[in-house]
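Single-structure report; data block below.
Naming convention: chains lettered A, B, ... in sequence-line order (proteins, then strands); numbering from 1 in each chain.
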2 protein chains.
Amino acid sequence: MKETADSEETHGRRGTRMADIAAMAGVSSMTVSRVLRDRSCVMPATLSRIEAAIDATGYVPNRVAGSLASRRTDIVGLIVPSLRNSLFAETIKGVSDILGPMHPLMIADSGYSLKGEEIAIRAFLGQRVCGIILHNTKHSPRGRAMLLEAGIPCIETGNLAQQPIDMAVGFSNRDAASAMTMYLLGRGYRHIGFVCLPTKDNDRAAERKAGYLNALSHASLLADPRIVIESPPGLKSGGQALSYLVEVVPEIDAVFFSGDVLATGALLEANRRGWIVPDRIAIAGSDDSELQESVSPPLTTLRFPRYEIGRRAADMLLNRLSGRSSGRAIVDLGFEIIRRASA
Amino acid sequence: MKETADSEETHGRRGTRMADIAAMAGVSSMTVSRVLRDRSCVMPATLSRIEAAIDATGYVPNRVAGSLASRRTDIVGLIVPSLRNSLFAETIKGVSDILGPMHPLMIADSGYSLKGEEIAIRAFLGQRVCGIILHNTKHSPRGRAMLLEAGIPCIETGNLAQQPIDMAVGFSNRDAASAMTMYLLGRGYRHIGFVCLPTKDNDRAAERKAGYLNALSHASLLADPRIVIESPPGLKSGGQALSYLVEVVPEIDAVFFSGDVLATGALLEANRRGWIVPDRIAIAGSDDSELQESVSPPLTTLRFPRYEIGRRAADMLLNRLSGRSSGRAIVDLGFEIIRRASA
DNA sequence: CCTGCTGACGTTAGCGCGAACGTATGCTGG
DNA sequence: CCAGCATACGTTCGCGCTAACGTCAGCAGG
């Protein structure tokens with residue numbers, strides 16, 4: 001004869017349920033449910049019996065069942081172009097810090113592709129997330145439609161959306177790039193090169209290029225297309241871009257690197273060549289980091305409040321969920337030009 | 001008289017359910033369910049009717065309900081000490097790349113604290129994740145007990161656990177630090193300083209310090225406690241550590257920086273002081289990055305396969321879930337010493 | 001003494017799916 | 001001609017919780 005079929009040791013693996021706790025405490029499961037969500041609405045004596053039972057069993061409420069019954073989850077979905085990029089890590093950290101353990105965070109990586117974003121959106125909607133934070137302003141039509149249809153709060157961060165799906169928080173890449181270009185013009189540079197990341201599916205890079213061109217035309221200068229280039233991300237890539245630019249247009253006197261660590265790479269390349277920055281050539285970067293401050297000479301860069309953007313995005317989401325706010329909102333957190341020795 | 005109570009436009013917000021699709025396609029909801037999980041087990045004609053209905057409505061299956069019914073989710077939980085640190089970002093990316101959209105990834109930040117990790121574990125178990133990946137080998141007793149009790153696959157990554165809860169994949173920080181110290185000894189350095197991150201609640205840093213001390217004693221050398229220090233992370237902090245060490249023990253001829261960007265900060269500081277590296281002092285780092293390769297002189301560092309660790313961890317998790325593997329496993333992915341000019 | 005109210009708790013009825021099992025139909029072979 | 005089996009699909013039930021409502025005791029005030 002075999003073992004008892006339903007012994008604790010074998011099939012007992014099903015785990016403690018709320019009804020078990022209720023039975024142990026001599027109450028109905030509804031009372032346990034209430035304790036779990038708001039301990040103040042049961043009598044102290046009852047409460048302590050229930051808590052004793054929970055402690056004794058190590059009961060962990062099943063949020064899946066709870067979510068189905070209440071028709072909502074506390075899960076927030078976040079989609080970033082890349083999980084590798086430390087820029088996005090700042091925003092992720094800001095989101096995570098505000099959400100806390102009460103709102104689990106689901107993160108997906110779109111791989112810088114619209115299709116990837118759409119797949120992630122669908123997956124998140126399947127999980128019935130209570131809100132979505134995106135780090136891209138450009139979306140596939142289908143992705144946009146799904147978000148609209150879902151009727152959940154949606155926050156687009158980073159580059160400020162002109163036609164947000166719902167809410168947006170960030171800064172204007174165009175304005176920032178324009179401001180930096182004007183700064184360089186104000187310092188007397190006249191042959192200013194521009195390097196950004198590939199603009200395909202990357203509205204941020206495209207906006208920065210537009211800002212640069214905009215500033216030049218405001219100053220009644222013609223952009224020289226030979227020194228407006230796109231480059232893959234990375235330190236080496238920045239160095240290569242600098243090499244390319246000075247070869248094509250030797251009279252170039254400044255370069256604005258708009259993206260990742262390109263400027264740092266360029267500076268290291270200039271140092272390697274023994275050029276004095278900014279005398280031979282001025283270098284301006286973006287996305288200030290401790291690194292850019294520590295190189296020699298320290299880099300003049302744009303600084304964006306990425307961590308704060310994450311916090312605000314999460315904050316706006318929670319406010320909407322708790323009904324403390326409603327309706328569309330666009331929050332511009334601006335940018336700073338950090339003036340240092342390199343330009 | 002008010003509007004019809006249940007019109008599509010007002011209360012119709014409840015969303016499409018599987019039964020709706022089934023009705024549209026003239027089948028039972030079970031058939032729809034089957035299509036969603038394995039399209040090959042229904043007839044082509046039926047399948048196309050169902051898919052047409054899904055397309056027409058934009059139906060997104062409710063995974064919350066599905067998970068409750070099947071008593072399992074596809075969600076993987078990942079806990080990292082910090083979301084800000086690009087080191088962990090590599091591993092996160094590896095995990096995410098393997099999991100793909102079929103296995104949503106929930107990420108929590110323990111804030112380098114055991115208590116924070118425990119809270120995250122509890123939250124994940126509440127969501128009934130199908131597996132957990134941890135980036136820490138040290139856990140609170142309660143956290144450890146919950147993981148054991150939960151009976152789900154658990155993978156500890158990073159520093160190789162000696163007593164893993166379940167499975168582990170990573171490398172030995174101790175061996176790596178020991179190897180680097182021996183390398184420096186082999187190059188003739190005799191007054192080797194050591195800087196690591198604070199060892200409290202950070203088994204990785206503690207292991208590295210142990211490896212360093214181990215190598216010295218193997219070489220029958222006594223460690224000088226004045227030049228074995230802990231330092232907060234960051235570029236500046238690395239520079240400060242270097243300044244401190246040379247002041248305390250001027251005859252110091254090499255420093256092994258075990259953590260984050262400390263070594264780079266030290267190198268930049270040395271450059272600022274006009275010291276020739278490695279002639280005045282040799283500098284070795286850890287956690288190789290493009291940055292460490294690009295500074296001048298390029299840094300000798302330890303390299304850890306962080307991305308690969310993420311991939312393997314996710315891979316082991318999925319294998320376990322699909323039943324293709326079982327039982328404990330410890331995978332050592334090793335490390336490399338990258339020899340460059342700085343030491 | 002009855003009404004009305006508040007507080008503390010119980011009861012009922014699902015939430016939207018999927019596991020397990022049931023059924024109808026066609027097809028094969030002896 | 002029917003057992004035997006596979007294929008394609010339907011039915012039933014319940015996963016573990018919560019919203020909504022019900023109940024009952026206690027108490028104040030007229």
Side-chain angles (χ1 to χ4, degrees), chain A residues 5-6 11-51 53-54 57 59-75 125-130 150, chain B residues 5-6 11-51 53-54 57 59-75 125-130 150:
Chain A
D6 250 320
H11 301 284
R13 226 57 193 114
R14 238 174 69 235
T16 317
R17 287 149 315 173
M18 211 147 102
D20 302 329
I21 301 296
M24 289 173 69
V27 295
S28 80
S29 63
M30 199 59 227
T31 306
V32 178
S33 175
R34 275 191 271 257
V35 166
L36 259 15
R37 282 169 300 158
D38 174 16
R39 9 181 324 124
S40 74
C41 65
V42 295
M43 284 188 8
T46 316
L47 186 132
S48 63
R49 287 205 319 280
I50 292 174
E51 290 192 322
I54 290 175
T57 54
Y59 169 63
V60 179
N62 186 334
R63 300 290 298 112
V64 176
S67 294
L68 181 62
S70 65
R71 299 194 194 183
R72 60 180 191 78
T73 70
D74 297 323
I75 304 170
L125 294 182
Q127 300 292 339
R128 296 297 189 265
V129 296
C130 65
Chain B
D6 250 320
H11 301 282
R13 227 53 194 119
R14 236 175 71 235
T16 316
R17 288 150 315 171
M18 212 148 97
D20 302 329
I21 301 297
M24 288 174 70
V27 295
S28 78
S29 63
M30 198 60 226
T31 305
V32 178
S33 175
R34 277 191 270 257
V35 165
L36 258 15
R37 284 169 299 156
D38 175 16
R39 6 180 327 123
S40 73
C41 64
V42 295
M43 284 190 4
T46 316
L47 187 133
S48 64
R49 289 207 315 280
I50 294 175
E51 290 193 322
I54 290 176
T57 55
Y59 169 63
V60 180
N62 186 334
R63 299 292 299 117
V64 176
S67 295
L68 181 61
S70 65
R71 300 195 197 182
R72 61 180 191 78
T73 70
D74 296 323
I75 304 170
L125 294 183
Q127 300 292 338
R128 297 296 189 267
V129 295
C130 64

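B:Thr73 pairs by the side chain to side chain contact (heavy atoms under 4.5 Å, CB included) definition with A:Val64, B:Ser67, B:Ile75, B:Arg128, B:Cys130, not counting sequence neighbours. In this structure A:Ala69 satisfies the side chain to side chain contact (heavy atoms under 4.5 Å, CB included) test with no other residue, sequence neighbours excluded. Take B:Arg71 and apply the side chain to side chain contact (heavy atoms under 4.5 Å, CB included) test, not counting sequence neighbours, and it matches A:Arg14. Checked against side-chain hydrogen bond (donor to acceptor under 3.5 Å, both in side chains), A:Arg49 has no partners two or more places apart in sequence or in another chain.
When all heavy atoms of B:Leu68 and A:Ala65 are compared, the pair lying nearest together is CD1-CB, 3.6 Å. When all heavy atoms are compared, the tightest approach of B:Ile21 to B:Ile54 is CG2-CG1, 3.9 Å. The heavy-atom pair separating B:Leu36 from B:Tyr59 by the smallest distance is CD2-CE2, 3.9 Å.
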Please set out all donor-acceptor pairs under 3.5 angstrom arising from side-chain atoms of residues 25-35 of chain B, sequence neighbours excluded.
from: B:Ser28; atom 1: OG; to: B:Met30; atom 2: N; distance (Å): 3.4
from: B:Ser33; atom 1: OG; to: B:Arg37; atom 2: NE; distance (Å): 3.4
from: B:Ser33; atom 1: OG; to: B:Arg37; atom 2: NH2; distance (Å): 2.7

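What separates CZ of B:Arg128 from C1' of D:dC15 is a distance of 11 Å, to the nearest Å. Following rounding to the nearest Å, B:Asp20 (CG) and C:dC15 (P) show an atom-to-atom distance of 12 Å. Look at CG on A:Leu47: it is 14 Å from C1' on C:dC9, rounded to the nearest Å. Atom CZ of B:Arg72 is separated from atom C1' of C:dC17 by 13 Å (rounded to the nearest Å). Rounding to whole angstrom units, CG of residue A:Leu68 and P of D:dC17 are separated by 12 Å. Across the protein-nucleic acid pair, A:Ile21 atom CD1 and D:dG16 atom P stand 13 Å apart, rounded to whole Å.
Side-chain nitrogen and oxygen atoms of A:Tyr59 include at least one within less than 4.0 Å of the OP1 or OP2 phosphate oxygen of D:dC17.
Five base pairs at each end of the helix from C:dC1-D:dG30 to C:dG30-D:dC1 define two local axes, and these are offset by 40° (rounded to 10°).
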Mind listing the N/O atom pairs, protein and nucleotides 6-8 of chain D, below 3.5 Å?
none

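The salt bridge (Lys or Arg N to Asp or Glu O under 4.0 Å) pairs that include a residue from residues 15-27 of chain A are A:Arg17-A:Asp20, where partners are two or more places apart or lie in different chains. For residues 39-48 of chain A, the side-chain hydrogen bond (donor to acceptor under 3.5 Å, both in side chains) pairs, not counting sequence neighbours, are A:Asp38-A:Ser40, A:Arg39-A:Glu51.
Among the heavy atoms of the strands lying under 4.0 Å from A:Met18 is at least one base atom, whether or not backbone atoms are also near.
Across the interface with DNA chain D, nearest-nucleotide mapping of A:Arg63 and B:Ser70 shows B:Ser70 to be the residue nearer the 5′ end.
Scanning residues 23-38 of chain A for heavy-atom distances under 4.0 Å to DNA chain D yields A:Met30, A:Ser33, A:Arg37.
Within the model, atoms CD1 of B:Ile50 and CE of B:Met24 stand 11.5 Å from one another, a figure rounded to the nearest 0.5 Å.
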